[in-house]
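One structure is given here, and the rest of the page talks about it.
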Amino acid sequence: MSVEEAAARIAARGESSRRLARDPVNQAMINNWVEAIGDTNPRYLEGVAPPAMAQVWTMNGLHGRRAEDDPLGAMMSVLDEAGYTSVVATNSEQNYYRHLRVGEHVAASTALESVAGPKRTALGEGWFVTTKTSWYVGDELVADMLFRVLKFAPPPSSPGALRPVISRDTEFFWEGTKAGELRIQRWGETLRHPPGPMPPDGDLDAKPDWVVASGRGTVYSYVVHHRPAVPGKQLPFVIALVELAEGVRMLGELVGADPAEVHIGLPVTATFLKVDDELTLPAWRVAR
Amino acid sequence: MIAVGTELPELAFDVTPTFVISTALATRDFQDVHHDRDAAVARGSKDIFLNILTDNGLVQRFVTDWAGPEAFVRSIKIKLGVPCYAGDKLVFTGRVASLEGRVAVVEVTGTGSLGAHVTGTVTVELAA
């Protein structure tokens with residue numbers, strides 16, 4: 001199911017059931033709020049709640065959980081699955097129909113208003129999700145809000161990228177990828193990958209060097225990763241074990257390929273994905 | 001005398017870590033990026049930052065400090081721009097964009113060192 005189809009299905013459910021606030025409107029929470037904000041309006045000390053607190057009464061709290069039928073939670077799960085793992089609030093439009101007073105008990109319900117995307121933003125590719133929340137006292141609508149969040153996939157250079165451990169034995173390999181070279185460890189006449197501290201024959205006096213691979217090879221085996229979500233990656237993606245022309249096998253993401261066209265024996269060439277100044281990952285492209 | 005074009009007095013906030021944390025908790029927003037510096041940095045932020053419910057409160061205060069305690073705020077519509085991190089200074093400016101009877105629409109901007117953190121409009125019913 002596409003993001004659009006999932007959104008249409010969630011929106012069709014309409015308003016969630018009304019969720020009663022943990023506490024009635026009370027002076028203690030108002031006092032905390034006016035003290036933190038620095039608001040000295042004297043009405044707020046006499047049982048009138050600041051209008052901007054409307055949303056506060058029904059916040060989930062430290063260990064709170066979203067209601068089962070909460071459409072925002074459902075939409076966040078759909079986008080998490082699709083690889084859009086980060087979220088940031090962008091817009092809030094609140095209307096207040098009257099003041100709330102101490103002792104009143106509000107309940108909130110939420111509906112999914114719209115989902116727009118995918119859009120390119122400064123933070124990465126993402127979807128704008130708009131919900132409408134309504135607050136009631138009994139059956140009286142006292143406030144409502146359009147709330148928009150951007151649910152996005154941070155670019156691969158974000159701190160979410162998985163990093164290899166670089167040791168003295170593998171340093172030459174990662175220096176190579178930075179320079180745009182695929183370097184294979186060589187012990188005498190024997191090539192070896194992944195590189196290790198010892199030659200295949202166990203000669204303790206041997207010292208390795210390396211050769212630069214042509215970068216040409218064929219897919220020896222592969223997996224298509226559908227889930228879970230991986231920071232900075234759009235799902236699904238392909239990881240291929242490639243048999244290089246030089247005879248060793250090497251792992252990397254196969255980029256720019258439709259998973260349906262990938263097969264064992266597919267000719268590929270090496271490419272390099274720069275994550276940041278310290279790290280460049282080897283990857284593959286289909287040879288055309 | 002209030003008229004279209006009337007400028008509101010500036011209101012400045014020192015956004016200390018205590019301010020970021022106490023306002024987040026007073027709005028019952030326990031997202032770690034608003035009180036845990038290490039968590040905020042791990043998620044790619046420079047420091048902890050203000051939450052949107054606090055922006056609503058600050059914008060409301062900016063307008064009612066000017067309009068008086070008897071004014072009734074009908075709506076607050078805000079759009080977030082750059083983040084406002086702990087250690088910053090946030091300055092609110094505003095002007096009356098329209099006035100019909102006792103109902104004023106005020107355009108508001110909250111600016112930090114990185115630029116416009118919050119922009120929006122507040123519709124307020126002024127006291128008779």
*Counting only heavy atoms not in A:E140, do more than 12 fall under 6.0 Å of its CD?*
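Result for CD/A:E140: enclosed.
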
*asked:* Is it the case that over 12 heavy atoms from other parts of the model lie below 6.0 angstrom from the NZ atom of A:K178?
replied: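 Enclosed.
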
*asked:* If the condition is ring pair (Phe, Tyr, Trp, His ring centres under 6.0 Å), which residues does A:F237 pass it with, not counting sequence neighbours?
replied: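 Expected list: A:H225.
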
Segment of [X] engaging chain B (4.5 angstrom heavy-atom cut-off):
X: A:F147; value: side chain
X: A:H63; value: neither
X: A:R98; value: backbone
X: A:N60; value: backbone
X: A:T90; value: backbone

So do the side chains of [X] and [Y] get within less than 4.5 Å of each other, counting heavy atoms only?
X: B:L80; Y: A:V88; result: no
X: B:R61; Y: A:T40; result: no
X: A:I37; Y: B:Q60; result: no

Which residue out of [options] racks up the most heavy-atom pairs below 4.5 Å with chain B?
options: A:N91, A:V34, A:V48; value: A:N91
options: A:A143, A:P51, A:P42; value: A:P51
options: A:M29, A:M53, A:H99; value: A:H99

*Interchain contact, B:T23 with chain A, by part (heavy-atom threshold 4.5 Å)*: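 It is both, since atoms from each part get that close.
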
_Partner set under side chain to side chain donor-acceptor pair (under 3.5 Å) for A:D80, not counting sequence neighbours_ =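 By the side chain to side chain donor-acceptor pair (under 3.5 Å) rule, A:D80 matches A:K151.
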
*Quick one: side chain to side chain donor-acceptor pair (under 3.5 Å) partners of B:S75, sequence neighbours excluded?*
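With sequence neighbours excluded, B:S75 shows a side chain to side chain donor-acceptor pair (under 3.5 Å) to B:T123, given in chain and number order.
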
Looking at every non-hydrogen atom in both residues, tell me the closest pair between [X] and [Y] and how far apart they are.
X: B:A26; Y: A:V56; result: O-CG1, 3.8 Å
X: A:S92; Y: B:I52; result: CB-CD1, 3.8 Å
X: B:F72; Y: A:Y96; result: CZ-O, 3.6 Å
X: A:A36; Y: B:S22; result: CB-O, 3.7 Å
X: B:I76; Y: A:A52; result: CD1-CB, 4.1 Å

*Contacts with chain A made by residues 27-34 of chain B (heavy-atom distance under 4.5 Å), listed by residue number*: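 Answer by number: B:T27, B:R28, B:D29, B:F30.
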
*Nearest 0.5 Å please: distance from the CG atom of B:N56 over to the CD atom of A:Q94.*
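Rounded to the nearest 0.5 Å, the CG-CD separation comes to 4.0 Å.
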
*Approximate separation, where rounding is to 0.5 Å, of B:T64 OG1 and A:R43 CZ*: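 The OG1 atom of B:T64 sits 10.0 Å away from the CZ atom of A:R43.
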
